[in-house]
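The block underneath contains the structure these notes are about, expressed in structure tokens.
Every number for a ligand or one of its atoms is a count from 1 in the order of the listing.
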Amino acid sequence: MEELSRGSARVAEELRRLGITSAVLEMPESTRTAAEAAAALGCDVAQIVKSLIFRSVVGDEAVLVLASGADRVDESRLAQVIGEQVEQATGKFVRARTGYAIGGVPPVGHTQPLVTYLDEHLLEHALVWAAAGTPRAVFSIEPADLLRITSAKVVAVAAVQVPVTD
Ligand code: 5CA
């Protein structure tokens, strides 16, 4: 097996420590976005875990939201959950608080513990895929295990999709 790059090796080590046995895969194609990851893996975009960093505006805290690649996170719903206004983090903030660049942010293995929420839609799948530290690295996991290793709180923060009529 080829050696993993530094960022993904760190995630692989953390996954092993947490008892997750699936391998970190470094894909030949980009997995930087949920759509690219789904195309590279040949799975449904809804099975891709987006690891999104938000910043609480008053507390300046990093908040990690794990959401389905098919969903947009509604910031006002997230603000209601947290009890504070939030904004999407900048690339600089993401790197400073997680140790990873946008497009490779994993659900675990950050430089510091992060308050973590998991959107309920991710629980609808038998298996999901998440980023593993770089914009080409991914790993598969059962949603229940993802919940366990992140100690996330299950929430409903996906934007409500307005059905198209006629
Ligand atoms: N590797 C894939 C999943 S396997 C991945 O990391 N997807 S992601 O959705 O978690 O990361 C991309 C997200 O980063 C985008 O959905 C978007 O919310 C955020 N993002 C992209 N560009 C920027 C930017 N310039 N500033 C802030 N956030 C950004």
Check whether any side-chain heavy atom of R10 lies under 4.5 Å from a side-chain heavy atom of T111, and answer yes or no.
-> yes
Give a yes or no answer on whether the side chain of S51 reaches the backbone of L66 with a donor-acceptor pair at less than 3.5 Å.
-> no
Measuring from E29:CD to L41:CG, what's the distance to the nearest 0.5 Å?
-> 8.5 Å
Check the surroundings of atom CD in E142: do more than 12 heavy atoms from other residues, nucleotides or ligands lie under 6.0 Å from it?
-> no
Minimum side-chain heavy-atom gap L118-K153 below 4.5 Å = no
So what's ligand 1 close to, N/O to N/O, under 3.5 Å?
unit_1   : atom_1 : unit_2 : atom_2 : d
ligand 1 : 1 (N)  : T31    : O      : 2.5
ligand 1 : 1 (N)  : G103   : O      : 2.8
ligand 1 : 6 (O)  : G103   : O      : 3.3
ligand 1 : 10 (O) : S51    : N      : 3.0
ligand 1 : 18 (O) : Q88    : NE2    : 2.6

Under 3.5 Å, is there a donor-acceptor pair between the E36 and T31 side chains?
-> no
